[in-house]
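Notes follow the structure.
Naming: A, B, ... by sequence-line order, numbering from 1 per chain.
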Amino acid sequence: MLKRTLQAALIVGVALAVPMGAMAQQQGGSIVITYKDDVATLDPAIGYDWQNWSMIKSLFDGLMDYEPGTTELRPGLAESYEISDDGLTYTFHLRDGVTFHNGRGLVAGDVVYSLNRVTNPVTQSPGAGFFDSIEGFEAITAGDADALSGVSAPDDKTVVIKLNRPDATFLHKMALNFASVVPEEAVAESGADFGREPVGTGAFKLEEWRSGLRVVFTRNEDYWREGLPYLDQIVFEIGMEPIVALLRLQNGEVDIPGDQIPPAKFLEVMGNPETASRVVEGGQLHTGYITMNVEMAPFDNVDVRRAVNMAINKDRITQIINGRGVPANQPLPPSMPGYSQTYEGYAYDPAAAIDLLAEAGFPDGFETELYVMNTDPQPRIAQAIQNDLAKIGIKADIKSLAQANVIAAGGEKDQAPMIWSGGMAWIADFPDPSNFYAPILGCAGAVPGGWNWSWYCNEELDALATKADSITDPAAQEERMKLWEEIYVKVMDDAPWVPVFNENRYTMKSERMDGADNLYVDPVHIPINYDYVYVKPE
Amino acid sequence: MAYIAKRLLFSALILVGVSFITFALLYLLPADPVRQIAGRSATAQTVENIRHQLGLDQPFFVQYARYFWSLVQGDLGRSYVQRAEVSSLIAARLPASLLLMAAGIVVELVFGLTLGIVAALRRGTATDQALMITSFTAVSAPQFVVGLLLLYVFAVELGWFPIGGYGTFAHLVLPAVTLGVLGMGWYSRMMRSSMIEVLRQDYIRTARAKGLPRLTIFVRHAMPNAILPIIAMIGIDIGLFMSGIVVVESVFGWPGIGQLAWQAIQRVDIPIIMGVTLVSACAIVLGNLLADLVTPLIDPRIKLRD
């Protein structure tokens, strides 16, 4: 038995927190955050957009969690855990003194119930697929069982989860919102409306929800993390156009525009030292890329794909988004473990691209189509790509469609020769290189309705990926990341994508908002980590 | 009475037609709602499960028949994205839209009729021309632009009104003006021509010849006749308002069904799009019906015929 308690990590965490607490951190205050769209749902099994993702994190907890502002795992509702030597059995020990918002104490049975609920097809959870490594997943998905055979609670404080294969990303999956613990009685009472009447163990509880108007969170006085959250209340004002939100921020009526700074106003905000000083910049686990459908001629020819890789002027495209990102040369974003520092990618070289295209049998280029989502700045980016392609003789027609329609086209084998991924893909669900492979570059994603829009399927690489994700020994993680690095470099050799840029995030805050900068560009809590930010004393 | 019954039946048929066409259009949309619900990590099995649960694996006519049957029972279905009853989402937002529309009607009538009357009485003068240019601008200006302009000038720069939102009378003013401006333009032009038309009539000349005071002629004789065609227009106007609120509510963050529709369109949330379309269609049909029924009550010259 390989035993790893996290007491040591906890002590370090506490030690770090104390000097911070001695500074200006204080409890109290209410902040206003604006959003354009209604909150879709606050059910952790269902919610899967950038708006409710972080809100749900503040209402619910899972067994695992991340250090605030980082991608470092830490235990959540589990105080400690053990992984068996074969990597197939996880034993979690729950904390004492955790209660749901309805006052009932947390027991291990709640964890079992929650995992059964999220994987049960009746729940229609968009996150069910993340749990496919748990024993019994197939049976519950097929409707042959009501419960996951691999999940059990030997006593009120212990949860044992058995896997059907070693899964190096399993702890990350236990930190996903979809693995949040919900009380069965509250779900039973609310039925399909649980998403509007959420009950969790999180730092905040839902106080009020008026459709189209506002959602109000108040502090959970009994929260199990001592001293948290700092804020008494968060008011989410709904239906506010980003541009209006910015005006209200400048007027002192809004603390955080949840939909970020509108692109049209970005340069103005950054050009003024007073406003620019209140913008926090951070990386995010995002890559914007062009897919080339390897099942459709002429992109079935690897030299054509390589030529396109050399033809795209990524610096220029990065300028179109006002420099809100960095040019990319590989699928993984730089802040993701497994990113290759040594790989140089395809240099911008239109002349060499023309030669390569001629060698491939297209001295006069060819005609094709480029699909793109129809909201700014995506069509402008597509035009830049179109221009770059024209320079090497490729005439690309731009198909500018609604997001859902582009996604649908990408999921069909013979529909979209090229797609610009902007506004749709890909931002990692959890900070692990594995999440950038299987759904969008692996054979599993190259199915009708899948997200592998280049329909690239390399069985050799799939085998390597499986091998990498079977390395569950924490001591061998470096080896695992080396393997992933190798996989992505090999992907680039086959060139099914043109990686274009990695987008950064910019969060604007009001004068009175305080707390470490990384809380405002938290890689997991988007836009901000609601539990840890605070306001300056009046 | 037979006329009313016939009109009601006809209206019901229109609504059935609208429900069918909307349903068919959304059915033909290349976006697959099941994929949206299932999310990007879904297995093929999950996708099929959800498709089956929602009955979306059934043939088109079966799906429509099911939808229609629920509709008859007052069930508009559940939103794919918000996972809530469409009828309760609409019900929660309907009062805000009705309030905005009522305020919009007041704005367009008060300003539109006043401008039209003044222009008619000052016909051919510079005042007339200035007013008509104003109304022409009002008719042609996109509501999105008007809304942002008003917001910028009166809320941000002058600070007279709140910058969007909902709750008090002050919140209502700018969206109502934005919504009413278009109608104001129409009504002022219509009122002007209608008034000019009436002032040319023989009975007005007779009244003048009798030596009646100008004001009496205007209030007792000209106004009632000139305003008639306008009243009939209000019912038809509902359609204009229904498209207007989508834009205006989005600009001002007004929590009505227009905003709901706009968000649903962006998220391809088909049950909500269907629901709002049907509610709007009902409102438009009702508006037209009322216009037809009210006109003969005001003007005895118009008789309902079977």
Side-chain angles (χ1 to χ4, degrees), chain A residues 34 36-41 43 46 48-49 121-122 124-130 132 138 141-143 178 192-193 195-196 210-214 237-241 243-245 247-248 250-251 253 375 401-405 407-409 411 425-426 429 439-440 444-445 447-451, chain B residues 29-50 52-54 78-85 88-89 91-93 96 148 151-152 155-156 159 162-167 249-257 259-260 262-269:
Chain A
T34 59
K36 179 166 68 68
D37 288 341
D38 250 326
V39 178
T41 171
D43 184 337
I46 312 285
Y48 198 16
D49 59 50
V122 174
Q124 298 182 359
S125 169
F130 288 115
D132 64 346
E138 283 80 14
T141 306
F178 301 114
D193 289 326
R196 297 184 82 81
R210 288 192 61 193
S211 185
L213 206 54
R214 67 176 161 271
E237 292 198 2
I238 307 299
M240 203 68 62
E241 282 292 321
I243 198 135
V244 178
L247 293 172
R248 293 192 52 202
Q250 283 156 353
N251 231 18
E253 297 170 27
T375 47
L401 304 170
Q403 184 190 47
N405 302 354
I407 293 171
W426 185 258
D429 296 292
I440 45 180
V447 291
W451 282 77
Chain B
L29 213 63
D32 181 355
V34 176
R35 300 248 169 234
Q36 244 186 327
I37 297 169
R40 57 191 204 180
S41 74
T43 59
Q45 172 85 59
T46 311
V47 171
E48 281 326 299
N49 282 337
I50 295 176
H52 182 70
Q53 283 173 41
L54 295 176
R78 289 185 78 84
S79 152
Y80 293 156
V81 177
Q82 304 205 33
R83 310 274 174 121
E85 292 282 347
S88 64
L89 287 174
R93 284 161 165 274
L148 281 179
L151 201 61
Y152 187 73
V156 178
I163 311 174
Y166 176 77
E249 290 183 354
S250 300
V251 172
F252 289 95
W254 192 264
I257 60 170
Q259 194 193 52
L260 184 70
W262 177 236
Q263 291 176 9
I265 290 166
Q266 288 176 320
R267 297 169 172 181
V268 202
D269 196 343

Shortest non-hydrogen contact between [X] and [Y], atoms and distance:
X: B:Gln53; Y: A:Pro121; answer: NE2-O, 3.0 Å
X: B:Arg267; Y: A:Ala40; answer: NH1-CB, 4.1 Å
X: A:Thr41; Y: B:Val81; answer: CG2-O, 4.4 Å
X: A:Asp37; Y: B:Gln266; answer: OD1-OE1, 4.1 Å
X: B:Ala84; Y: A:Arg196; answer: CB-CD, 3.9 Å
X: B:Arg83; Y: A:Asp193; answer: O-OD1, 4.2 Å

(request) Side-chain contact test, heavy atoms from C-beta onward, threshold under 4.5 Å: evaluate it for A:Ile238 versus B:Pro255 and give yes or no. (result) no
Heavy atoms only, distances under 4.5 angstrom: which of [options] has the most pairs with chain B? Name it, please.
options: A:Gly129, A:Ala142, A:Ser211, A:Gly450; answer: A:Ser211
options: A:Lys36, A:Arg210, A:Gln403, A:Glu237; answer: A:Lys36
options: A:Ile46, A:Asp49, A:Thr34; answer: A:Ile46
options: A:Gly411, A:Pro448, A:Ala425; answer: A:Pro448
options: A:Ala192, A:Ala444, A:Ala245; answer: A:Ala192

Supply the atom-to-atom distance [X] [atom1] to [Y] [atom2], rounded to the nearest 0.5 angstrom.
X: B:Leu148; Y: A:Glu241; atom1: CG; atom2: CD; answer: 8.0 Å
X: B:Leu151; Y: A:Arg248; atom1: CG; atom2: CZ; answer: 10.0 Å
X: A:Arg214; Y: B:Tyr166; atom1: CZ; atom2: OH; answer: 10.5 Å

(request) Name the region of B:Val34, side chain, backbone, both or neither, that has any atom closer than 4.5 Å to a heavy atom of chain A. (result)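 Neither; nothing under 4.5 Å.
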(message) If the threshold is 4.0 Å, N to carboxylate O, is there a salt bridge linking A:Asp38 and B:Arg93?
(response) yes
Checking [X] against chain B: side chain, backbone, both or neither under 4.5 Å from a heavy atom?
X: A:Ser125; value: backbone
X: A:Asp132; value: neither
X: A:Phe130; value: both

(message) Counting only heavy atoms from other residues, nucleotides and ligands, does the tally under 6.0 Å from CH2 of B:Trp262 exceed 12?
(response) no
(message) Tell me if a side-chain donor or acceptor on B:Gln263 pairs with a main-chain N or O of A:Gly239 at a distance below 3.5 Å.
(response) no
(request) Please test B:Ile163 against A:Glu253 for side chain to side chain contact (heavy atoms under 4.5 Å, CB included), starting from the C-alpha separation and ending with a verdict. (result) CA-CA 9 Å; B:Ile163 311 174; A:Glu253 297 170 27; 4.1 Å; yes
